[in-house]
Amino acid sequence: MLKRSKILVTGGNGLVGNAIQEAVKLNNTKEEYIFLSSKDFDLTSMEQTKKMFETHSPNKVIHLAANVGGLFKNMNQKVEMLEKNLMINYNVVKCAHDYKVEKMVCCLSTCIFPDKIEKYPINEDYLHQGPPHFSNDAYAYSKRMLEIHCQSYRENYGDNFICVSPTNVYGPHDNFDLENGHVLPVLIHRCFLAKKNNEDFVVRGTGKPLRQFIFSQDLAKLILIVLEKSNDNHTILSCPEEQEISIKDIAILIAKCFDYENRIVFDSSFSDGQYKKTVSINRIQNLLDTENLEFNFFPIEEGIKKTVDWFITNKYNN
Ligand SMILES: NC(=O)c1ccc[n+]([C@@H]2O[C@H](COP(=O)([O-])OP(=O)(O)OC[C@H]3O[C@@H](n4cnc5c(N)ncnc54)[C@H](OP(=O)(O)O)[C@@H]3O)[C@@H](O)[C@H]2O)c1
């Protein structure tokens, strides 16, 4: 009889971890999934990390656990973000090798790619070809080391350790903290407060920068496809280039959910950051084509609506 896979998901109660929980339920999979958070094992500790592998003996791992945040947190907590992420990733990758994990998918981010890009779209080969933006260099270098660590085990020991780099993720269970969150959930929170207080919905910057956002449930499905089908060392996971959208249009879509479009104001005294960071999804598209898998990305209007509904129900209605 075929042995059932035991798949351990670190960071299993975060934005992406929750989406994987949903995707696993929908897949009706026969495999056993274990979703863990820092309350179960603190992965900055080698002892605790070993205990996690000994307790659960997974044969596959999806490694999501990380100290994550938006611009403000990245700039103000560099030491903590560097140290915690280096420790978590070192412990998890080393133990995955030592405890003979057959396959592991580790999460990087496209925000750790070089700041200066000569030719768009960005692809996987660009990762180490220049320094990251100064605002998130501590986080970025800790994540780049994760890629080097996985690649080294691939080269020296043949371990099937794979990295994926998502673009901006959004969805239910996101972090809506005004100081530490990413742009989209923070805009949702700001618009909610603006309407509640009958004030303008102020968006920092001109609204012109372009970004690719991926709905957490799409990302979850793609991570599971990578886990099952891919042996490639690194794959960018994003919505297609054509779905790149301006921050202004994101703000409008959010305001529409609150029926507050007429009160949007752009405060151009705040900097815009990079104008664009367009990434190519050729590698994941090739995998989907090879495996004959049809994949329809969630329309962003609907993804934002679902996220706003979740925010209102879970953060302000109870
Ligand atoms: N969000 C994005 O836009 C984005 C974009 C690109 C890539 N990513 C990557 O995607 C992955 C998941 O991100 P996310 O947005 O889902 O993050 P998240 O919502 O902040 O969740 C982080 C998860 O990591 C766990 N964790 C943090 N410190 C830990 C520790 N010391 N020991 C054990 N677990 C720990 C947290 O557990 P507790 O809840 O118990 O603290 C939580 O489950 C990360 O690797 C991130 O770098 C995210």
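Start at 1 and go down the list; that is how both ligands and their atoms are numbered. Numbering starts at 1 and runs along the sequence shown.
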Indicate every side-chain donor-acceptor pair of residues 101-122 with a distance under 3.5 Å to a residue at least two apart or in another chain.
{"residue": "K103", "atom": "NZ", "partner": "L227", "partner atom": "O", "Å": "2.8"}
{"residue": "K103", "atom": "NZ", "partner": "S230", "partner atom": "O", "Å": "2.7"}
{"residue": "S109", "atom": "OG", "partner": "C111", "partner atom": "N", "Å": "3.1"}
{"residue": "T110", "atom": "OG1", "partner": "P166", "partner atom": "O", "Å": "3.4"}
{"residue": "Y120", "atom": "OH", "partner": "K276", "partner atom": "O", "Å": "3.0"}

With E199 via salt bridge (charged side-chain N to carboxylate O under 4.0 Å, His left out) - residues at least two apart:
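None.
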Verdict with supporting geometry, F192 and F311, ring-ring contact (aromatic ring centres under 6.0 Å, His included):
CA-CA 9 Å; F192 169 83; F311 171 76; 5.5 Å; yes
Counting only heavy atoms not in K73, do more than 12 fall under 6.0 Å of its NZ?
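Above 12, so yes.
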Please tell me whether N18 and E22 have a donor and an acceptor in their side chains that are separated by less than 3.5 angstrom.
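N18 vs E22: no donor-acceptor pair found between side chains.
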I'd like the residue list for ligand 1, meaning every protein residue with a non-hydrogen atom under 4.0 Å from the ligand.
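Within the 4.0 Å shell of ligand 1, which is judged on heavy atoms, sit G11, G12, N13, G14, L15, V16, S37, S38, K39, F41, D42, L43, T44, L64, A65, A66, V68, I88, C107, L108, S109, Y139, K143, P166, T167, V169, H182.
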The criterion is side-chain contact (heavy atoms from CB on, under 4.5 Å); which residues satisfy it with Y90, sequence neighbours excluded?
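side-chain contact (heavy atoms from CB on, under 4.5 Å) list for Y90, sorted by chain: M46, K94, H149.
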